[in-house]
Amino acid sequence: GISNSTPDMAMNTNLLILLHGTGDTHRPYDRLAQTMALPQTATLAIQATSQTSFGVSLPFGLGSSWFHEMDYSSGLPLGLHHSTRVQSLNVAIDKLSHLLQLLA
């Protein structure tokens, strides 16, 4: 979700980007940004979800994550250097980097 803390978008000279944690959504961070109402600041709370090819949807409707941090069939955490974890983290980094380039 995107929220704008000032009525005139041209007044915004700052951008605050918020990323949620594993199992969460962008909604509470969007509300936080609106509550903060930072002057001259637009906010962007981003949802990690496989539907937008930005992240991973967790099983059983448990939300989403920016990358695979566990084996969802066994529930065991993946090691720091596990290939699935590293590959999915690299994909997330690439997509977020691309977003930042588009916003620059």
Side-chain angles (χ1 to χ4, degrees):
I2 299 172
S3 67
N4 179 15
S5 60
T6 61
D8 182 3
M9 215 34 182
M11 298 289 296
N12 292 332
T13 56
N14 305 300
L15 174 63
L16 174 64
I17 301 174
L18 300 111
L19 306 175
H20 65 79
T22 297
D24 209 345
T25 71
H26 71 285
R27 288 183 187 94
Y29 298 93
D30 190 41
R31 286 191 300 272
L32 171 66
Q34 291 177 28
T35 301
M36 291 170 56
L38 298 171
Q40 298 178 327
T41 302
T43 60
L44 177 62
I46 305 172
Q47 171 73 42
T49 174
S50 62
Q51 284 89 7
T52 60
S53 71
F54 228 148
V56 179
S57 290
L58 301 178
F60 312 113
L62 295 175
S64 25
S65 176
W66 295 100
F67 62 96
H68 290 276
E69 78 287 349
M70 69 185 313
D71 178 338
Y72 301 116
S73 60
S74 71
L76 297 174
L78 298 176
L80 291 179
H81 303 290
H82 191 282
S83 62
T84 301
R85 179 185 174 108
V86 171
Q87 181 181 3
S88 64
L89 185 54
N90 284 334
V91 168
I93 290 168
D94 288 346
K95 290 186 181 284
L96 289 170
S97 294
H98 181 69
L99 173 65
L100 292 174
Q101 289 174 1
L102 292 173
L103 293 171

Verify same cluster id: Val86, Ile93 (apolar side-chain graph, 4.5 Å)
no
Answer yes or no: is there a side-chain heavy-atom contact under 4.5 Å between Asn14 and Leu38?
no
Leu18 side chain near His26 side chain, heavy-atom distance below 4.5 Å
no
When you measure from the side chain of Ser64 to the backbone of Ala48, do you find a donor-acceptor pair of N or O atoms at a distance under 3.5 Å?
yes
Report yes or no: does Thr43 contribute a side-chain atom to a donor-acceptor pair with the main-chain N or O of Ala33 at less than 3.5 Å?
no
[atom1]-[atom2] distance between [X] and [Y], expressed to the nearest 0.5 angstrom:
X: Asp94; Y: Leu99; atom1: CG; atom2: CG; result: 12.5 Å
X: Glu69; Y: His82; atom1: CD; atom2: NE2; result: 12.5 Å
X: Arg27; Y: Gln47; atom1: CZ; atom2: CD; result: 6.5 Å

Of the non-hydrogen atoms in His20 and Thr25, which two are nearest, and what is the gap between them?
CB-O, 3.3 Å
Which atom of Ser88 lies closest to which atom of Arg85, heavy atoms considered
OG-O, 3.1 Å
For Leu19, what residues pass the side-chain contact (heavy atoms from CB on, under 4.5 Å) criterion, not counting sequence neighbours?
Ile17, Ile46, Trp66, Leu96
Residues passing the side-chain contact (heavy atoms from CB on, under 4.5 Å) test with Ser74, sequence neighbours excluded, are Asp71, Leu76
What residues, two or more places apart in sequence or in another chain, satisfy side chain to side chain donor-acceptor pair (under 3.5 Å) together with Ser97?
none
Applying side chain to side chain contact (heavy atoms under 4.5 Å, CB included), run through Thr22 and Met70 and close with a yes or a no.
CA-CA 11 Å; Thr22 297; Met70 69 185 313; over 6 Å; no
